[in-house]
Protein chains: 2
Amino acid sequence: VTTRPTIPDLLRVADAGSAGSVRAIARLLTVVESGGDPAAELAGELVGRARSAAVVGLTGAPGAGKSTMTAALVGAYRTRSARVAVLAVDPSSPFTGGALLGDRVRMGEHVLDPGVFIRSMSSRGHLGGLAAAAPAAVDLLAALGFDVVLIETVGVGQSEVDVMHLADTVAVVMAPGMGDGVQAAKAGILEIADVLVVNKADHEGAKATIRDLKSMVALGRSGVAEPGEWRIPVLPTVAVKGEGIDDLVAAIDEHRGNLVESGRLAERRSRRARAAVESVVLERVRVLLHSRTGRSRLGAAGDAVASGRTDHYTAAEDVLTWLAGTERG
Amino acid sequence: VTTRPTIPDLLRVADAGSAGSVRAIARLLTVVESGGDPAAELAGELVGRARSAAVVGLTGAPGAGKSTMTAALVGAYRTRSARVAVLAVDPSSPFTGGALLGDRVRMGEHVLDPGVFIRSMSSRGHLGGLAAAAPAAVDLLAALGFDVVLIETVGVGQSEVDVMHLADTVAVVMAPGMGDGVQAAKAGILEIADVLVVNKADHEGAKATIRDLKSMVALGRSGVAEPGEWRIPVLPTVAVKGEGIDDLVAAIDEHRGNLVESGRLAERRSRRARAAVESVVLERVRVLLHSRTGRSRLGAAGDAVASGRTDHYTAAEDVLTWLAGTERG
């Protein structure tokens, strides 16, 4: 008779770092992603654990070379013997769903390294969508003692921007010749980037892209630098050859140092925790809406609207009243 | 003294189809997108109006030629004198934010046609994300008497799939040489497609792609056709030359006829209304969470979790209890 391992069992195996630890971590992440009572139990078990991981976000337009960059960063952290977890957040398109798995192949050398944990998270089937389980997943990996948690997204859509808000330090990766995009995307990039990377810096147009980004950063800053103010560096890399990666790691370290000194690390950590709480709240509402009773309430509301008896705002009021009742009762 | 037009004013202008109607429709869509009391008032004003629009969804991988296809479809519907509204739903990436506006240029010939209304919707800044305002926007356009509402998405991510669920008929556009993607995406495509289109059918590999899709469709069907069962057609087009567009329009008409005969049109309409109701419910929850009190509750919860005093599931319970109170009080 085999029994399913309990959450404390899985945590023990994951902590021991033994042969089965990678599988145990993977199962714990599945618990987080699935939500509900087991996820709540796991969250309770993790209270009080230290979390000293540097959480690094890596995003950018498709084709900028993020996956190669992730692999290079993992290599750089491994030479310091840091334990690294990679969370690749996949929008799980019906059209590109398979792409990320293909990218994993580029992680080849790290797949068998026990100091590296790699996981693709997808939104497929998850009630809360893409970003819902990400805050709790990052927290789990930090609580399991990883020194670095790298979050990689394909950088399209608001939900990936939300994911990036979970990181202590966000590196946005661009490539030369994406100049038009840069123009359109100024606001969005400056909003989330702590470090700007121009990958494929040996390609034509790299210098122009670096210059554009530098003036963009300069324009985005106020005239006089405040003490302790972070200046977004613009770094050239050739990830496929490993060039510039050490400088990138140094910039990420420096940004983290700046966060600690300025007291803003605690602020970013609170923001991540707040996002985790908000995800659970919205997940709970969605679960209620998709419960048997919820679906029946929504169905009746939909029929009433479709048949022209009422409008969707009025119908929503009834559903909200019912929701409030379930939460209180 | 100029006064802001009221919602009934805007509706009168939009209905009259006069010179200012395009602007009035645009303003009404902004009301829908902004949510809150004005959106509720507008929804109330629209109760009881007929909605006979054919709602057609157009999606597919980037590069398949969706925008050109949309322009060609608009042209085809215009030769029948149908009034057409196009809702281009943009995931509003910080990296590709400008692309869709560029695509609008391809709609050139239709931009000045008073029988055509074109609107790009983005998720940027909208609390409910990409899909939240789309159901109500489709409903508004239908209630304003458009004969066809075309919803175009870039086809990446779960939220675009949600948007497609708003359509009566969904056409998925592919291009030759996307074979690998097809393999990975089978399940996703069959889940949403009513009509499959292989655009750029004059390119190399088109026949193979058509053959692959046809066998995919055949595999997805049960052995014996049920009476009235819809068979997903696979249609070659060269949108840029207008080739195959009439066949596509005919297939969309046929699918709609099938929905009417089988009684499933009412079902799809109820589903759309249900989605609109659910969006309002979730919007309301999000607005509460982002209100002054909500942010303060979430902030306290985040601090408690970040400092290790509690876990995010326990903290979420407190927030949910508060939410239920506001909804009831």
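Below, chains carry the letters A, B, ... as their sequence lines are ordered, and counting in each starts from 1. Fair warning: this is a prediction, and the values are worked out from it, not measured in the lab.
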Who pairs with A/Ala315 by side-chain contact (heavy atoms from CB on, under 4.5 Å), at least two apart in sequence or on another chain?
A/Ala301, A/Val305, A/Thr310, B/Val277

Of all heavy-atom pairs linking A/Tyr313 and B/Gly35, the shortest is OH-CA, 3.6 Å

Spatial distance of atom CD (B/Glu41) from atom CG (A/Asp311) [nearest 0.5 Å]
11.0 Å

Give the member of B/Ala136, B/Ala39, B/Gly308 that has the highest number of heavy-atom pairs under 4.5 Å with chain A.
B/Ala39

Taking every heavy-atom pair that is under 4.5 Å apart, which of A/Ser270, A/Gly48, A/Ala50 has the most such pairs with chain B?
A/Ser270

Report the distance from atom CZ of A/Arg286 to atom CD of B/Glu278, rounding to the nearest 0.5 Å.
7.5 Å

Comparing A/Ala300, A/Ala304, A/Gly302 against chain B, the one with the most heavy-atom pairs below 4.5 Å turns out to be A/Gly302

Nearest non-hydrogen partners of A/Ala306 and B/Ala273, listed with the distance:
N-CB, 3.8 Å

Pairs in or reaching into residues 297-308 of chain A: which pass salt bridge (Lys or Arg N to Asp or Glu O under 4.0 Å), with residues at least two apart or in two chains?
none

Looking at B/Leu289, B/Leu42, B/Asp139, which has the largest count of heavy-atom pairs under 4.5 Å with chain A?
B/Leu289

Options B/Thr314, B/Leu46, B/Leu282, ranked by heavy-atom pairs under 4.5 Å with chain A, top entry
B/Leu282

Residue pair A/Arg274 / B/Leu298: nearest heavy atoms and the distance that separates them
CG-O, 3.3 Å

